[in-house]
Amino acid sequence: VSWLDGLLATVVLATGWASLASRDLFRAVVLFIVLGAFLAFAWARLGAPDVALAEVALGAGLTGALLLRAVGIGSNRKPRAPVAMRGPRLLALVATLGLGGATLWALASLPSAAPDLREVVDAELARSGASNPVTAVLLNFRAWDTLLEISVLVVALAGTWALGTGKAPRPGDAADPVLRAFARILVPVSCFVAGYLLWKGTHAPGGAFQAGAVLAGAGVVAVLAGLAAPQRWPGTLVRAALSLGSGVFAGVGASAWVARGSLLSFDPDQASTWIILIEAAATISIATALLGLFLAVRGTPFGSEDRRP
Amino acid sequence: MSEVLYLAAGAGLFALGAFYAFTSPELLRKVLAVNVMGNGVFLVLLTRARRDVLEGSATDPVPHALVLTGIVVAAAATGLAISLSRRLDDEDPP
């Protein structure tokens, strides 16, 4: 069905353009979220359901929430004077058109028989402890990358905390009663969905990142509706939850080093147990880190200890 | 045939994002633009990961894992970039 692909590719490009070209930043962010939704369709069309789930929950969902919150802060500021004059703008236009054209030409002239790791993955899948090949790659074959990826989230949150923010959060946003009632339904359902995605992840699309993003989304809704006050949660608990994922992952990897002489190499018989253990711990850390990033946008403290200088 | 369409959309998103990342005076729009560039790269990677669907197991899972990692890292980087741009605005109000 080639017309569907053509339509989807056109809509994706048009939405991206509409988003970046819109004068109003709020509108730009909303269109960016729409772009994420269309991309999720494209990922599904391209046979990547794991990525589609992550795009909806994280790429469009949580990143969108972060950006909307950032727009909310800046809305009372005067926009910066437009610097780009006609000449440099035209030069940039020509340069980026050239860049796009050259990229497309390079991509179109790639050999169609590119290196394909599918057979290697299929051959080793039975020994990996996960029947979903994407989970097998993430948690076993390329476990090292995933360990560092979870650490990147923690480092990004540490960075935002270290930067601090000059403005205190606006006190007492009175939560809308409709939002409150809606959140009372949405938060438990989201927690349930997160658990399901985590559990399903070893043999079907899903996994720790999708589950963590949905759980963080539940946290965001709970905070916005005034159902949770994460600034009063114990600071040590927040930090423990943050480091749990990389801690468990590194611990399991190190124990494999001691037992089998190779870092992060799981015994095929026990691999599925280790994978579900790592994924459960990682889900908690990912959700905590993403919620922390969302709160930090407006300088809301996370955990009772004051971290701001 | 449809592969070329997705590759064109990916290259287009990359170039579009690059243009606004260079020319926009607003920091938040630059952050948006870099995210759009990333989405273009993801589109190219996943299009190349899909081989002939008739060959049984349809796709190469390694690029899928790469793009998943990319989405997570992009979200983390966006959070950090927003904090950096806020700090810049605090110190040097536009």
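Chain A is the first sequence line, chain B the second, and so forth, proteins listed ahead of strands; every chain is numbered from 1.
Neither the backbone nor the side chain of A/Leu62 comes within contact range of chain B; no heavy atoms are under 4.5 Å apart. Neither the backbone nor the side chain of A/Ala106 has a heavy atom closer than 4.5 Å to any heavy atom of chain B. Contacts of B/Ala74 with chain A are absent, with no heavy-atom separation under 4.5 Å from either backbone or side chain. Residue A/Val155 does not touch chain B at all, counting heavy-atom pairs closer than 4.5 Å.
Comparing A/Leu35, A/Ile150, A/Thr103, A/Leu138 by how many heavy-atom pairs each has under 4.5 Å with chain B, the most go to A/Leu138. Interface check for chain B: of the options A/Ala48, A/Ala54, A/Gly101, A/Pro133, the most heavy-atom pairs under 4.5 Å are formed by A/Ala48. Per-residue heavy-atom pair counts under 4.5 Å with chain B were compared for A/Leu93, A/Val121, A/Thr135, and the maximum is reached by A/Leu93. Between chain B and the options A/Leu293, A/Leu153, A/Leu25, heavy-atom pairs under 4.5 Å are most frequent for A/Leu25. Options A/Leu66, A/Leu20, A/Val51, A/Leu13 differ in how many heavy-atom pairs under 4.5 Å they form with chain B, and the most are formed by A/Leu20. Comparing A/Leu67, A/Val120, A/Asp145 by heavy-atom pairs within less than 4.5 Å of chain B, the highest count is held by A/Leu67. Heavy-atom pairs under 4.5 Å with chain A peak, among B/Pro61, B/Ala77, B/Gly38, at B/Pro61. Between chain A and the options B/Leu32, B/Thr78, B/Val67, B/Val36, heavy-atom pairs under 4.5 Å are most frequent for B/Leu32. Ranked by heavy-atom pairs under 4.5 Å with chain A, the list B/Val62, B/Leu66, B/Leu46, B/Leu7 is led by B/Leu46.
When atom types are taken as modelled, the side chain of B/Arg29 and the backbone of A/Arg23 share a donor-acceptor pair closer than 3.5 angstrom. With A/Arg142 contributing its side chain and B/Ala65 its backbone, the two residues share no donor-acceptor pair below 3.5 Å.
Nearest heavy atoms, A/Ala9 versus B/Ala9: O-CB, 3.7 Å. Taking both residues in full, the closest heavy atoms of A/Leu58 and B/Ala75 are given as CD2-CB, 3.4 Å, listed atom of the first, atom of the second, then distance. Nearest approach of B/Thr23 to A/Ala92, heavy atoms of both residues: CG2-CB, 3.6 Å. Closest approach of A/Arg45 to B/Tyr6, counting heavy atoms only: CB-OH, 3.8 Å. Minimum heavy-atom separation, A/Val152 to B/Ala76: CG1-CB, 4.3 Å.
Expressed to the nearest 0.5 Å, how far CG of A/Asp50 lies from CD1 of B/Ile71 amounts to 10.5 Å. In this structure, A/Thr10 OG1 and B/Leu5 CG are separated by 7.0 Å, a value rounded to the nearest 0.5 Å. Of the inter-residue distances, the one linking B/Arg48 atom CZ with A/Leu107 atom CG reads 8.0 Å to the nearest 0.5 angstrom. The CZ atom of A/Phe32 sits 5.0 Å away from the CG atom of B/Asn39 when rounded to the nearest 0.5 Å. Here the CG atom belonging to B/Leu13 is positioned 9.0 Å from the OG1 atom belonging to A/Thr15, to the nearest 0.5 angstrom. The CG atom of B/Leu43 lies 6.5 Å from the CG atom of A/Leu46; values are rounded to the nearest 0.5 Å.
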Practice item. Would you sort out whether A/Trp43 and B/His64 count as a side chain to side chain contact (heavy atoms under 4.5 Å, CB included), showing the intermediate values? Key: CA-CA 10 Å; A/Trp43 304 155; B/His64 290 196; over 6 Å; no

**Study point:** Derivation and outcome, side chain to side chain contact (heavy atoms under 4.5 Å, CB included), residues A/Gln210 and B/Leu68
**Key:** CA-CA 9 Å; A/Gln210 293 89 341; B/Leu68 244 168; 4.0 Å; yes

Exercise for review: Start with the C-alpha gap between B/Phe14 and A/Leu99, add the side-chain angles, then the distance that decides, and say whether side chain to side chain contact (heavy atoms under 4.5 Å, CB included) holds.
Suggested key: CA-CA 9 Å; B/Phe14 186 80; A/Leu99 175 72; 3.8 Å; yes

Review point. Which is it for A/Thr96 and B/Tyr20 under the side chain to side chain contact (heavy atoms under 4.5 Å, CB included) test, yes or no, and what are the steps along the way?
Key: CA-CA 10 Å; A/Thr96 45; B/Tyr20 282 96; over 6 Å; no

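Counting non-hydrogen atoms of neighbouring residues, nucleotides and ligands closer than 6.0 angstrom, the CZ atom of A/Phe141 exceeds 12 such neighbours.
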